[in-house]
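Computed from a prediction, not measured in an experiment: that's the story for all the values here.
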There are 2 protein chains.
Amino acid sequence: MPFNLLLNNISKFIHLESNEQEIFISYLKQKKLKRKQIFLDEGEVCKYSAFVTEGCLRGYTVDKNGDEHVLSFAPPDWWIADMYSLISQKPGILTIEALEDTEIILLSKADQEKLYIEIPKFERFFRILIENSLVANQQRIIDNMSLTAEERYKIFCKRYPTLIDTLPQKQIASYIGVTPEFFSRMRSGLLRRG
Amino acid sequence: MPFNLLLNNISKFIHLESNEQEIFISYLKQKKLKRKQIFLDEGEVCKYSAFVTEGCLRGYTVDKNGDEHVLSFAPPDWWIADMYSLISQKPGILTIEALEDTEIILLSKADQEKLYIEIPKFERFFRILIENSLVANQQRIIDNMSLTAEERYKIFCKRYPTLIDTLPQKQIASYIGVTPEFFSRMRSGLLRRG
DNA sequence: GGAAAAAGATGATGTAGGTTAAGAAATTAA
DNA sequence: TTAATTTCTTAACCTACATCATCTTTTTCC
């Protein structure tokens with residue numbers, strides 16, 4: 001069952017009767033992405049939330065100098081979308097790209113709205129999901145303001161241990177908010193010392 | 001009617017029947033805070049969401065050097081809480097303080113949960129509220145990574161025009177993520193040039 | 001209304017992290 | 001399996017912003 005990971009994830013927050021599960025599943029589509037394939041490009045309107053079942057996506061923006069800044073990674077069991085664009089249905093600023101061959105489950109904005117009405121429990125599920133995301137984002141703002149790059153890196157290692165080994169360093173550097181060059185220096189400094 | 005501002009705010013997202021309004025109002029408490037009064041202190045468990053009707057609050061953290069970092073301001077018509085602590089009911093890291101004499105409406109975590117069950121529409125209301133907050137916080141992360149302090153200040157001016165005149169410069173500096181000294185210099189530079 | 005406290009301005013100097021450049025190592029793709 | 005591409009490292013130099021210290025102005029509050 002390809003939807004097991006998602007259903008299991010949901011069951012942590014709400015209980016679905018089997019007919020509700022069926023309705024839900026009827027709204028889902030599967031999609032495979034090749035490494036480097038763009039799932040959503042800057043300037044597009046985001047029409048889907050994506051739930052990753054295999055592989056990994058990254059959401060990033062490009063600034064006026066052409067530098068990329070990673071807003072989020074989405075390994076298996078995570079959702080990703082351009083929230084701004086998804087909500088407003090206006091062109092977004094995020095590019096979402098596969099870092100490796102990746103499999104996702106899609107839920108369209110329109111179907112998500114239907115779901116809220118047909119099975120109000122989903123309103124609760126997504127509220128909780130977004131609450132948790134908000135807390136994580138607020139913590140990241142605080143960390144960015146009050147910690148050094150090295151401290152932020154250590155926190156990243158603790159919080160996302162699985163990503164450390166799989167992601168290219170430059171992606172982590174970009175998420176942390178430093179250049180790959182500085183990130184490299186920082187890491188070799190960390191190795192030499194404690 | 002002291003709850004008008006809040007009811008009006010809610011009516012932008014969901015429609016409440018008058019009996020539902022009554023139930024909702026029965027859960028609310030009013031509170032007045034004096035300038036500099038602490039509404040929530042670091043290390044406390046956050047038991048209430050606060051909706052500001054008059055004055056202004058700020059939520060901030062204190063880092064290991066004793067420096068403060070403003071996560072959010074709450075002028076009238078805004079909610080504020082330590083979301084992490086409110087959700088987890090664990091000790092929080094935010095201090096929430098009145099920047100001037102302020103009036104707020106309180107909704108306890110427990111009553112909010114009751115509300116979700118008794119009037120499911122509130123699940124929708126708070127979902128939308130939190131979605132918008134998440135988008136704003138994500139944009140702030142991106143801005144912090146990709147813009148200079150000056151650019152962030154200009155965005156702040158556009159986004160919160162009313163706050164510019166009322167807030168002490170050092171509070172805005174702290175929100176922007178710079179020291180008051182640098183903020184002062186930056187501003188005088190902006191005045192001299194365009 | 002006036003003393004005390006807080007906020008703001010400004011100068012000199014320090015530093016975390018950026019930039020540029022160039023070579024080495026690892027991955028990819030054919 | 002190898003050429004091409006991407007990633008990583010290291011070094012020299014640079015800059016946005018921090019720190020510290022002192023002074024002026026504004027606000028607070030009795």
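Remark: B:Q169 is in phosphate contact with C:dA9, judged by side-chain N or O atoms under 4.0 Å from OP1 or OP2. Not one side-chain nitrogen or oxygen of B:S184 sits closer than 4.0 Å to the OP1 or OP2 atom of C:dG8.
As a whole-Å value, the separation of B:Q37 CD from D:dT28 C1' is 17 Å. Regarding B:I176, its CD1 atom lies at a distance of 11 Å from the P atom of D:dC17, rounded to whole Å. Rounded to whole Å, the distance from CG on A:L147 to P on C:dA16 is 15 Å. What separates CG of B:L99 from P of D:dT27 is a distance of 15 Å, to the nearest Å. The distance from atom CG of A:N144 to atom C1' of D:dC17 is 16 Å, rounded to the nearest whole Å. In this structure, the CZ atom of B:R187 is 8 Å from the P atom of C:dG8, given to the nearest Å. C:dG8 atom P lies 12 Å from atom CD1 of B:I164, rounded to whole Å. In this structure, the CG atom of B:L167 is 15 Å from the C1' atom of C:dA6, given to the nearest Å.
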TODO: Starting at the 5' end of nucleotides 18-30 of chain C, put B wherever the base has a protein heavy atom under 4.0 Å, S where only the sugar-phosphate does, and a dash everywhere else.
DONE: BBBB------S--

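A side-chain donor-acceptor contact under 3.5 Å links B:Y116 and B:Q112. Side-chain N/O atoms of A:D111 and A:S108 include a donor and acceptor closer than 3.5 Å.
In this structure, B:F156 has its ring center under 6.0 Å from that of B:Y175. Between B:F39 and B:Y48, a ring centre-to-centre spacing not shorter than 6.0 Å is recorded.
Side chain of B:R152, nearest nucleotide from C:dG17, D:dC17, D:dT9: D:dC17.
Of the charged side-chain nitrogens involved, at least one lies within less than 4.0 Å of a carboxylate oxygen, so that B:K109 and B:E113 count as a salt-bridged pair.
There is no path of hydrophobic side-chain contacts, each under 4.5 Å, that joins A:I38 to A:V52.
Taking the side chain as every heavy atom from C-beta outward, B:T148 and B:M186 never approach each other to under 4.5 Å.
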